[in-house]
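Right, one structure below, let's go through it.
Bear in mind that the values here come from a model prediction, so they are computed numbers and not experimental data. Convention: sequence-line order gives letters A, B, ...; per-chain numbering from 1. When reading the values below, keep in mind they use all heavy atoms of this one structure, side chains included, and skip hydrogens, waters and symmetry mates.
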There are 4 protein chains.
Amino acid sequence: MSPRPDVTEARKNQILEAAVTVFARLGFQQTRMDDIAKQAGLSKGALYLYYKSKDTIIAALLKYFFMQEFKRLQAFVEADREASVHDQLMDLTRQLAAVMHWMARLMPIAFEFYAIAGRDQEVRQFLQEYYHDYRRELARLIQRGIERDEFRTIDAEATATTLAALYEGLALLYFVDPEAHQWTEQVETSVRLLLEGIAQHAST
Amino acid sequence: MSPRPDVTEARKNQILEAAVTVFARLGFQQTRMDDIAKQAGLSKGALYLYYKSKDTIIAALLKYFFMQEFKRLQAFVEADREASVHDQLMDLTRQLAAVMHWMARLMPIAFEFYAIAGRDQEVRQFLQEYYHDYRRELARLIQRGIERDEFRTIDAEATATTLAALYEGLALLYFVDPEAHQWTEQVETSVRLLLEGIAQHAST
Amino acid sequence: MSPRPDVTEARKNQILEAAVTVFARLGFQQTRMDDIAKQAGLSKGALYLYYKSKDTIIAALLKYFFMQEFKRLQAFVEADREASVHDQLMDLTRQLAAVMHWMARLMPIAFEFYAIAGRDQEVRQFLQEYYHDYRRELARLIQRGIERDEFRTIDAEATATTLAALYEGLALLYFVDPEAHQWTEQVETSVRLLLEGIAQHAST
Amino acid sequence: MSPRPDVTEARKNQILEAAVTVFARLGFQQTRMDDIAKQAGLSKGALYLYYKSKDTIIAALLKYFFMQEFKRLQAFVEADREASVHDQLMDLTRQLAAVMHWMARLMPIAFEFYAIAGRDQEVRQFLQEYYHDYRRELARLIQRGIERDEFRTIDAEATATTLAALYEGLALLYFVDPEAHQWTEQVETSVRLLLEGIAQHAST
DNA sequence: AATGAATGAGTTTTCATTCAT
DNA sequence: CATGAATGAAAACTCATTCAT
């Protein structure tokens, strides 16, 4: 309605993206409002027009950050693919391996959020929901595999949790030491071991 | 005989233990030197008699913290047990599940260290060595399983990495949402799935 | 035309002048940043916008302080006066006597700089240059007196040094005990004694 | 009387001498009680058995420091010499030049005392007495010169002040830049100029 | 008398936040 | 809307002084 289109949303994202970049490099604490402002190409004052405080930026980032991650998974699962679930999961895995290097740059942010979750109820709750949804999507996929007789009659939920844990753990290990292994292969091998544990003997 | 025995070692540990407690609750940044001092039952000045700075305490904590963790694993692996490797790993897993609640309290510290590793070469290197050693111990155990024909001829290294990742991931998920599952069972189920993936068919 | 003119230079001087006042009263060490801020009519934080640290203020003050002093002398010497050099030096002396009371207030600052010169190469070097220039100006004047046959053929440099030493010493004695003498007369008498020592007999 | 001789005086001097050394190098403020203790070969606690506080040490030093200086002059003047006063003063001057290098090391302490005098009545008063006595001794000598007809009928007091100022000023200039001149000659030249100003024509 | 571990008040410096322009 | 100069609360760290041994 207003003659000028609402620039607010754009600015808020501009700030969040700047924040991601700087936070990833310096951490929440070491990052100055000036750093974010400079990275966003705005003045320090402008930040406060869009976010009430540094903490508000961090809180908004929490959602922005994990939302993006979740959408990737969801998009994958919702694509009603014709391939076997086994192949779909290997696809998902390969995709993960492919973006690992890029993700590692952002992982310090995730770790800081995990650390904060230990003392902040709201952050913890958000992460709980995130992981709940994340596992639900995986479980849905695995359930499909059971129904198609690709997998044994296992607990889809528990298996999804296992897979999610494996992904998280591999990402952590990769982050700590990207040179330690041929991670692309390692990730595939890890998931293949798991899939063999849940496969019908026929598939072995 | 000497009038005053050297209390330096004792004090340093006293401070580190206090630091663990407070850091876990408040995080590195939110924790004031006064908080550590109070928790240790010392004055702020006394802290500086034993550690040059807050950062020095954190650096000392890094070693103290992961060393303890590693010793637990090492003690387990070195015990030359007669049980099957499968049973040993399930034992290790159950032990992990048993201390998970206790560990979760300390995980924020670990997460902060991971976050710092992203920007501090020394911390990163320390963690690399830690995980390297950690995986090596697990690989040793798994290799034993292969030699005893319990497991298929798999890559012991890659499998150890998988197991380590699984442990880390499960600990993370537990930390975020301790109520989400019957974690004791979940952890066992997860590892059992993996073990089935690597077992000789005879064991299925 | 620009909305806000650059106040940096003004602020820096404002701070230096405040610093002179407070340092003279309390000394470098006893002076709190808050004292300078209050004296300057600024906040403590503002000080740090213009000077990196307390030491930076002190360093800037060193130059500001002695520069002013030197300019006074230089202005005097450069004025190509027609009076005899003897009369010019007596003029300079009377001028010194006149501002002595005002200078005494600032002398604690000078003394602190001298003390620091004992352990700081940069400060020492600055003072060396200051006194070098100071003596050179006096020597120039005295040389003029020799050329005009007012003075005997003496070493102008050595005499300038003598005069400078006399000035410094008298200022010191005045500072320590302003009531001890009729200083205005004392200073004139002292310099007159010296001038008689260097005068051609004709002037006796 | 007591079986053990009183060690208190010895200890107090031991501490003062240590203090002189360290203060000269580091300044009053930068010097830690630990530095003095170490230099004196005592423990920090021991210092407090003999001096109530750091300030008490500094206060005691003030007396110790200038007293030594004064004794040197007094010893010189009291020696009822047969030489002409002119020669005696030149002797005194040469003696000054000879110890200048050694004195320079201690001058930072003197400067700190001068600076403190600006804000501490007690210190100022002590210095006033010191310089009063100092000038009186010189005046006594000069008066002798007048009585012996070596000097013109000048104001002995004012001349003593002039000479004292000259000494102080030369010491200051030497301290700031020991390489600037052949100071030994400079000092003699300076005083000779003055003496020529006060001499009877006969002696010129 | 002597020690040196412990104390805690005091100071510099930083930086999120505000607000006059 | 946007700016960036100014604010001042907060915290790491120091070191003179104390006191149990």
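- The stretch residues 32-44 of chain B touches DNA chain E through B/Leu42, B/Ser43, B/Lys44, each having a heavy atom under 4.0 angstrom from the strand.
- Side-chain contact between C/Lys44 and C/Ile36: absent, with no pair of heavy atoms (C-beta onward) separated by less than 4.5 Å.
- Contact check for A/Tyr130 versus A/Glu69: side-chain heavy atoms found under the 4.5 Å cut-off.
- Residue C/Leu47 contributes atom CG, which lies 14 Å from atom C1' of E/dT14 at whole-angstrom precision.
- Residue A/Thr8 places at least one side-chain N or O under 4.0 Å from the OP1 or OP2 atom of F/dC1.
- Looking at which nucleotide of DNA chain F each of B/Thr31 and C/Ala46 is closest to, the 5′-most match is held by C/Ala46.
- Here the two rings, on D/Phe175 and D/Phe111, have centers that are under 6.0 Å apart.
- The side chain of C/Tyr48 lies closest to E/dT13 when the candidates are F/dC1, E/dT13, F/dT17.
- Here the P atom of nucleotide E/dT3 and the CG atom of D/Leu49 are 9 Å apart, to the nearest Å.
- For the pair A/Asp55 and C/Ser53, both in contact range of DNA chain E, the more 5′-proximal nearest nucleotide belongs to C/Ser53.
- Taking atom CD of D/Gln29 as the reference point, atom P of E/dG10 lies 15 Å away to the nearest angstrom.
- For B/Asp120 (side chain) and B/Ala117 (main-chain N/O), no donor-acceptor pair under 3.5 Å exists by modelled atom type.
- At the phosphate of F/dA6, OP1 or OP2 sits under 4.0 Å from a side-chain N or O atom of C/Arg11.
- Atom P of nucleotide E/dT3 and atom CD1 of D/Ile15 are separated by 11 Å, given to the nearest angstrom.
- Atom NZ in B/Lys52 sits roughly 11 Å away from atom P in F/dC15 (whole-Å rounding).
- In this structure, a donor-acceptor pair under 3.5 Å is absent between the side chains of B/Tyr50 and B/Gln14.
- A straight line from OH of B/Tyr51 to C1' of F/dA12 spans 18 Å, rounded to a whole angstrom.
- For the residue pair A/Tyr64 and A/Glu17, a side-chain donor N or O sits within less than 3.5 Å of a side-chain acceptor on the partner.
- Taking the six-membered ring for Trp, A/Phe113 and A/Phe28 have ring centres closer than 6.0 Å.
- Helical stems involving DNA chain F, defined as 3 or more consecutive Watson-Crick or G-U pairs under 3.5 Å, span E:2-21 with F:2-21.
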